[in-house]
Amino acid sequence: MKKTLTFDQRCHALLAQIPKGRVSTYRELAHALGSKAYRAVGQAMNRNPNLMKVPCHRVIKSNGEIGGYALGADKKRELLLEEGIQVETNGRIRLSKYLHPYST
DNA sequence: GCTTTGACACTAA
DNA sequence: CTTAGTGCCAAAG
């Protein structure tokens with residue numbers, strides 16, 4: 001039995017901690033892992049970890065923009081609205097209000 | 001084991 | 001505000 005958890009897997013783990021109606025950013029996520037692999041974090045999502053298991057749609061850019069999504073950024077925006085997350089007319093999200101604070 | 005690929009971040013102009 | 005360029009890291013080829 002080995003863990004050898006890949007960077008991606010660790011991202012999924014943190015992602016799973018994000019409650020509904022809350023979001024996180026690629027930067028925060030990477031920072032929580034003690035890395036600056038902002039890009040790698042996104043990679044983990046794009047590789048479709050488990051859309052049913054990991055709330056990939058709750059991860060946005062550090063500047064508040066929606067960012068991308070494997071199923072389309074538009075779809076992602078819908079999901080976020082479903083979560084009760086308001087999106088500014090400029091297509092941005094107020095991080096100061098929805099950003100999930102990690103325990104670490 | 002080096003090269004390519006990205007759902008990003010940051011700075012400068 | 002936008003555009004362009006550079007830096008960053010891990011996974012896949």
Side-chain angles (χ1 to χ4, degrees):
Chain A
M1 290 291 293
K2 48 208 55 62
K3 322 285 190 45
T4 314
L5 291 184
T6 64
F7 184 89
D8 296 20
Q9 292 176 309
R10 276 177 278 183
C11 294
H12 308 157
L14 288 174
L15 207 45
Q17 298 178 57
I18 302 178
K20 176 168 167 281
R22 265 303 126 100
V23 300
S24 184
T25 71
Y26 301 97
R27 188 180 56 136
E28 285 293 309
L29 219 54
H31 190 282
L33 294 174
S35 264
K36 296 174 199 154
Y38 321 114
R39 315 286 304 272
V41 174
Q43 286 302 103
M45 310 297 111
N46 188 22
R47 289 166 200 227
N48 284 311
N50 255 330
L51 291 172
M52 316 270 287
K53 189 172 178 178
V54 184
C56 313
H57 59 273
R58 290 183 194 154
V59 186
I60 60 179
K61 296 218 261 180
S62 61
N63 63 337
E65 291 181 51
I66 298 296
Y69 193 57
L71 304 182
D74 183 63
K75 177 69 178 177
K76 182 173 179 179
R77 194 167 52 235
E78 287 183 52
L79 290 169
L80 290 171
L81 291 171
E82 288 287 315
E83 302 273 323
I85 299 171
Q86 292 186 1
V87 180
E88 303 293 316
T89 49
N90 51 347
R92 287 195 163 183
I93 292 176
R94 193 168 311 187
L95 294 175
S96 56
K97 183 176 181 181
Y98 299 107
L99 182 61
H100 170 71
Y102 282 100
S103 305
T104 58

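Side chains included, hydrogens not; waters and symmetry mates left out as well; all remaining heavy atoms used. Letters go in sequence order (proteins before strands), and every chain restarts at 1.
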Minimum-distance pair of heavy atoms, taken over all atoms of [X] and [Y]:
| X | Y | value |
| --- | --- | --- |
| A:Glu28 | A:Ser24 | CB-OG, 3.9 Å |
| A:Cys56 | A:Leu51 | SG-CD2, 4.2 Å |
| A:Leu95 | A:Lys61 | CD1-O, 4.2 Å |

Could you check how far [atom1] of [X] sits from [atom2] of [N], rounded to whole Å?
| X | N | atom1 | atom2 | result |
| --- | --- | --- | --- | --- |
| A:Tyr69 | B:dG6 | OH | C1' | 18 Å |
| A:His31 | B:dC10 | NE2 | P | 11 Å |
| A:Asn63 | C:dT2 | CG | P | 11 Å |
| A:Met45 | B:dT5 | CE | C1' | 16 Å |
| A:Glu65 | C:dT2 | CD | C1' | 12 Å |
| A:Lys61 | B:dC8 | NZ | P | 5 Å |

Inset, instruction - Side-chain contact test, heavy atoms from C-beta onward, threshold under 4.5 Å: evaluate it for A:Leu71 versus A:His57 and give yes or no. - result: no
Legend entry - Side chains of A:Glu88 and A:Asn90, donor plus acceptor under 3.5 Å: no
Legend entry - With sequence neighbours excluded, residues passing ring-ring contact (aromatic ring centres under 6.0 Å, His included) with A:His31: none
Inset, instruction - Indicate for each nucleotide in nucleotides 3-13 of chain C, in 5' to 3' sequence, whether protein heavy atoms under 4.0 Å reach the base (B), only the sugar-phosphate (S), or nothing (-). - result: ----BBBSSS-
Inset, instruction - Compare side-chain N and O positions of A:Ser62 against OP1 and OP2 of B:dC8 and report whether any pair is under 4.0 Å apart. - result: no
Legend entry - Under-3.5 Å donor-acceptor pair between A:Tyr26 side chain and B:dA9 base: no
